[in-house]
Amino acid sequence: MKEVSIIGTVGVPANYGGFESLVENIIGYNSLDDIHYTVYCSAKSYPHRQSVYKNADLKYVPLDANGSQSILYDIISLIKATKKSDVVLILGVSGCCFLPIYRLFSKKRLIINIDGLEHRREKWGKYAKAFLKFSEKMAVKHADVVVADNKGIQDYVKKEYRTETELIAYGGDHVLCDITDVEEEILEKYGLKNISYSFSLCRIEPENNVHVILEAFKASGKKLFFVGNWNRSPYGKSLLEKYAKYGNIHLLSPIYDVKTLNVLRGHCSFYIHGHSAGGTNPSLVEAMFFGKPILAFDVIYNRETTEQKADYFSSAEMLETLLQKPYPTFKINAENMVEIAYKRYRWKVIAQQYEALYSHSGD
């Protein structure tokens, strides 16, 4: 039995976030019988704490997994995990500043998914960016295997650090479920019966180009349903105030119910994806399973995820132009998205790719 510990996430059961969904779906029935997982979770996020979930042991650290406590949370998780693991899978780099010290006393096999170049995100200040860049450098230097979730990230690591990485994306087929019992009710609730609309879903941050998408739909007059955390930041609040008055734009609060999201995604004309940072984005991968045309912001990560077969925009004007094109011209886009999704982004495949890295463990 190979003992694998996973650290760096809020934990499971997953509520929100790409890494949490990753853990949720590589443990359990997607996992081989000879691998036993232990997942380190934030006690602050789980008032009702299970000790076992999907055959994985759950261990709790009494700190927040995000924000100022995240570094200490990751370091404590790593130290605890070392005692009982053959392999430690680290998701994200914030605690990797500790690795030069860690390597003085442990040769455990470390597999590190470095996420989406956090130090480039606009939301961080100068010092936070410098710290995250240092942690990324330590992750690449001290990992036994570095995982990149997108070829854009893989190319960056090779150029920046002259280091090879394993390319493993995210799965998205966990979103597929039977919605027949609730479909009519949800369509009625959101007023979606017999209308054409586009759908978008993301954290409301500048790097996700929410303002670009909203401006395009304001100009086009086409219907848009946009789900996000509008009240979490000045950026989100300003957009809510500016665009909620337009009758064709519907700004919805976060929706966590998978069936509701499935109905919204499954009945839309277009899925609009504005992310410009990070690697393979989980919400984009999930959307590809619904076989709808995808209009994505034009960056290397989105082009790699969609194999250059979606349609792309880099301004509100370009998106508006796409929205005005005859809908049948997007038929091939839609067919390609679902074909790529089933070929590349199923969790069974992703779990096997991670499991292949666990061999040759250290002491």
Side-chain angles (χ1 to χ4, degrees), residues 1-12 14 18-42 51-61 65 70-71 73-115 135-136 138-149 153-154 157 161 163-171 279 347-363:
M1 183 71 74
K2 178 107 29 207
E3 293 287 344
V4 179
S5 288
I6 303 178
I7 71 167
T9 76
V10 174
V12 288
F19 274 152
E20 286 73 29
S21 294
L22 169 65
V23 178
E24 177 88 26
N25 288 287
I26 65 173
I27 64 174
Y29 66 88
N30 284 325
S31 173
L32 291 173
D33 291 339
D34 62 352
I35 292 172
H36 178 257
Y37 283 105
T38 300
V39 181
Y40 285 79
C41 310
S42 169
S51 57
V52 178
Y53 176 71
K54 290 188 175 180
N55 297 324
D57 288 339
L58 305 186
K59 304 292 183 185
Y60 296 89
V61 176
S70 64
I71 300 162
Y73 172 78
D74 286 359
I75 292 170
I76 291 171
S77 299
L78 176 58
I79 293 169
K80 286 177 175 287
T82 297
K83 297 174 186 174
K84 62 164 293 181
S85 311
D86 301 309
V87 179
V88 182
L89 173 58
I90 302 175
L91 300 176
V93 302
S94 62
C96 293
C97 58
F98 178 67
L99 292 183
I101 298 169
Y102 178 82
R103 280 306 194 203
L104 296 176
F105 63 84
S106 177
K107 298 280 195 296
K108 283 288 165 67
R109 184 168 177 80
L110 300 181
I111 298 166
I112 305 178
N113 184 320
I114 62 169
D115 201 11
S135 290
E136 176 189 276
M138 293 303 99
V140 174
K141 181 177 180 180
H142 294 288
D144 292 286
V145 182
V146 177
V147 175
D149 65 31
I153 304 286
Q154 189 177 47
V157 174
Y161 301 109
T163 298
E164 298 294 334
T165 59
E166 293 288 335
L167 182 60
I168 308 178
Y170 292 104
W347 281 116
K348 190 71 180 173
V349 174
I350 307 301
Q352 289 169 353
Q353 288 175 307
Y354 273 99
E355 287 163 354
L357 305 179
Y358 299 156
S359 56
H360 316 299
S361 66
D363 51 14

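None of the values given here were measured: they were computed from a predicted structure.
Using a 4.5 Å heavy-atom threshold, the side chains of K141 and L99 count as separate. Between I27 and Y53, some side-chain heavy-atom pair lies under the 4.5 Å cut-off. Between Y60 and Y40, every side-chain heavy-atom pair lies at or beyond the 4.5 Å cut-off. Side-chain contact between C96 and H142 is absent, with no heavy atoms from C-beta onward closer than 4.5 Å. Counting heavy atoms from C-beta on, the side chains of I6 and L22 never come closer than 4.5 Å. Under the 4.5 Å side-chain criterion, counting only non-hydrogen atoms from C-beta, T165 is not in contact with I114. Contact annotation: the side chain of E20 never approaches that of L91 to less than 4.5 Å [non-hydrogen atoms, C-beta and beyond].
Across E3 and K84, no two heavy atoms sit closer than the pair CB-O, 3.5 Å. In plain terms, the two heavy atoms of G171 and I350 that are nearest each other are N-CG1, 3.7 Å. Between L32 and E355, the shortest heavy-atom distance links the atoms N-OE2, 3.0 Å. The two atoms that bring A139 and I112 nearest to each other are O-CD1, 3.7 Å, heavy atoms only. Closest non-hydrogen pair, C97 versus P100, comes out as O-CD, 3.3 Å. The heavy-atom pair separating V61 from K80 by the smallest distance is CG2-CD, 4.4 Å.
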Side chain to side chain contact (heavy atoms under 4.5 Å, CB included) between F19 and D115, worked out: CA-CA 9 Å; F19 274 152; D115 201 11; 3.7 Å; yes
Quick one, F98 with D74, criterion side chain to side chain contact (heavy atoms under 4.5 Å, CB included). Give me CA distance, side-chain angles, the key distance, then yes/no. CA-CA 9 Å; F98 178 67; D74 286 359; over 6 Å; no
Please lay out, stage by stage, how K54 and Y37 fare under the test side chain to side chain contact (heavy atoms under 4.5 Å, CB included). CA-CA 9 Å; K54 290 188 175 180; Y37 283 105; over 6 Å; no
Go through V52 and L58 one step at a time and tell me if the side chain to side chain contact (heavy atoms under 4.5 Å, CB included) criterion holds. CA-CA 6 Å; V52 178; L58 305 186; over 6 Å; no
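In this structure, NZ in K107 is found 8.5 Å from CG in L104, a value given to the nearest 0.5 Å. Atom CD1 of I26 and atom OG of S21 lie 11.5 Å apart (nearest 0.5 Å). Atom OG of S359 sits about 7.5 Å away from atom CG of L357, to the nearest 0.5 Å.
For the residue pair E166/Y354, the side-chain donor-acceptor check at 3.5 Å is not satisfied. With 3.5 Å as the limit, one finds no donor-acceptor pair spanning the side chains of D34 and Y358.
The residue from V145, V88, L89, V146 that alone fulfils the side-chain contact (heavy atoms from CB on, under 4.5 Å) condition with L110 is V88.
With sequence neighbours excluded, the residues satisfying ring-ring contact (aromatic ring centres under 6.0 Å, His included) with F105 are Y102. S5 meets the side chain to side chain donor-acceptor pair (under 3.5 Å) test with S85; sequence neighbours excluded. Looking at residues two or more places apart in sequence or on another chain, you find a side-chain contact (heavy atoms from CB on, under 4.5 Å) between E164 and K158.
Formation of a donor-acceptor pair under 3.5 Å by the E136 side chain with backbone atoms of V93 is not found in this model. Side chain of D86 to backbone of K2: no donor-acceptor contact under 3.5 angstrom is found. Although no hydrogens or angles enter the test, the distance criterion places no donor-acceptor pair under 3.5 Å between the side chain of Q353 and the main chain of I168. For Y73 (side chain) and T9 (main-chain N/O), a donor-acceptor pair under 3.5 Å exists by modelled atom type.
Counting non-hydrogen atoms of neighbouring residues, nucleotides and ligands closer than 6.0 angstrom, the NZ atom of K59 reaches no more than 12 such neighbours.
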